[in-house]
Amino acid sequence: MGVSRDLQVQPIEPGHLDALLALCREHAAYEKADFQENGQVERWRSMMFSEPTVLHGWIATDSGEPCGFMTVTIDHATWSARRFAYMDCLYLRESHRGLGLGRMFLDRLREFSVARQCGWAEWQTPPDNELGLGFYQRMGASAKAKVRFHYDVEERRTP
């Protein structure tokens, strides 16, 4: 007999921020990236729950337990002079992949984008994320070949 699940995707609320921190830690480990806890919970609180809202987020739950998240910002394209949604993160715990939550997140991304008059949505994923690449292509997304750069502009302090 299968396990009964109550899978939901809902907007992130202030009470979800500690769970979001844990999920971000897992997401970074999945991508083999460094993750530092440095006060982002309070910055998220300001970005998500103050006006204007600059970071929009959704959390996936399984019977109330957080198991994934997606965050989105709104950006603007110079060439077309149009708004677009930028999905910064989408992460699901391995135990919750293949259950339809990714599709639910992309449905929320589509609804969000249409409601805010965004012409399209964009995101990126590491080139070795074969599961993610396959999923996005099955959902109808197409890849654009570009190289991502990171330019650290914060002042470096010597210890």
Decide if atom [atom1] of [X] counts as having more than 12 heavy atoms of other residues, nucleotides or ligands within a radius under 6.0 Å.
X      : atom1 : value
Arg43  : CZ    : yes
Asn38  : CG    : yes
Glu130 : CD    : no

For [X] and [Y], indicate whether the former's side chain and the latter's backbone hold a donor-acceptor pair under 3.5 Å.
X      : Y     : value
Glu31  : Ala29 : no
Arg116 : Ile74 : no
Glu65  : Ser63 : no

(request) Evaluate side chain to side chain contact (heavy atoms under 4.5 Å, CB included) for Phe35 paired with Glu26, printing each intermediate quantity in order. (result) CA-CA 9 Å; Phe35 183 78; Glu26 292 175 28; over 6 Å; no
(message) My understanding is that only residues two or more places apart in sequence, or in another chain, count here; which of them pass salt bridge (Lys or Arg N to Asp or Glu O under 4.0 Å) with Arg45?
(response)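 By the salt bridge (Lys or Arg N to Asp or Glu O under 4.0 Å) rule, Arg45 matches Glu42.
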Does [X] share a hydrophobic cluster with [Y], counting links as ILVMFWY side-chain heavy atoms below 4.5 Å and allowing steps through other members?
X      : Y      : answer
Phe84  : Val54  : no
Met87  : Leu131 : no
Leu106 : Trp120 : no
Trp123 : Val9   : yes
Met70  : Tyr86  : no

Can you name the nearest heavy-atom pair linking [X] to [Y], along with the distance?
X      : Y      : answer
Ile12  : Ile59  : CG1-N, 3.8 Å
Ala121 : Ser113 : CB-OG, 4.1 Å
Ser80  : Ala77  : OG-CB, 3.5 Å
Leu55  : Trp44  : CD2-CD1, 3.9 Å

(message) Which residues pass the ring-ring contact (aromatic ring centres under 6.0 Å, His included) test with Phe69, not counting sequence neighbours?
(response)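 Scan of Phe69 (ring-ring contact (aromatic ring centres under 6.0 Å, His included), adjacent residues dropped) gives His27.
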(request) Flag the pair Leu90 / Leu109 as yes when at least one side-chain heavy-atom distance between them is below 4.5 Å, and no otherwise. (result)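 When only atoms from C-beta onward are counted, Leu109 and Leu90 do not touch, as no gap falls below 4.5 Å.
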(message) When you compare the side chain of Leu20 with that of Met48, does any pair of heavy atoms fall below 4.5 Å?
(response)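 Heavy-atom side-chain distance check passes, below 4.5 Å.
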(request) Please check if any side-chain donor atom of Gln8 sits under 3.5 Å from a side-chain acceptor atom of Asp6, or the reverse. (result)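 Note: Gln8 and Asp6 side chains meet the donor-acceptor criterion.
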Between [atom1] on residue [X] and [atom2] on residue [Y], distance to nearest 0.5 Å:
X      : Y      : atom1 : atom2 : answer
Lys144 : Glu122 : NZ    : CD    : 5.5 Å
Asp88  : Thr71  : CG    : OG1   : 4.5 Å
Asn129 : Tyr136 : CG    : OH    : 6.5 Å

Quick one: side chains of residues 94-102, donor-acceptor pairs under 3.5 Å with protein atoms, not counting sequence neighbours, listed by atom name and distance.
from: His96; atom 1: NE2; to: Asp62; atom 2: OD2; distance (Å): 2.8
from: Arg97; atom 1: NE; to: Leu92; atom 2: O; distance (Å): 2.8
from: Arg97; atom 1: NH2; to: Leu92; atom 2: O; distance (Å): 2.8

(message) side chain to side chain contact (heavy atoms under 4.5 Å, CB included) for Arg93 and Leu23? Distances and angles first, verdict last.
(response) CA-CA 8 Å; Arg93 287 187 171 141; Leu23 289 164; 3.7 Å; yes
(message) Consider ring-ring contact (aromatic ring centres under 6.0 Å, His included). Of Tyr91, Phe105, Phe112, which one does Trp58 pass it with?
(response)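 In the set Tyr91, Phe105, Phe112, the residue that makes a ring-ring contact (aromatic ring centres under 6.0 Å, His included) with Trp58 is Phe112.
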(request) Show your reasoning for whether side chain to side chain contact (heavy atoms under 4.5 Å, CB included) applies to Met47 and Thr73. (result) CA-CA 10 Å; Met47 291 187 290; Thr73 59; over 6 Å; no
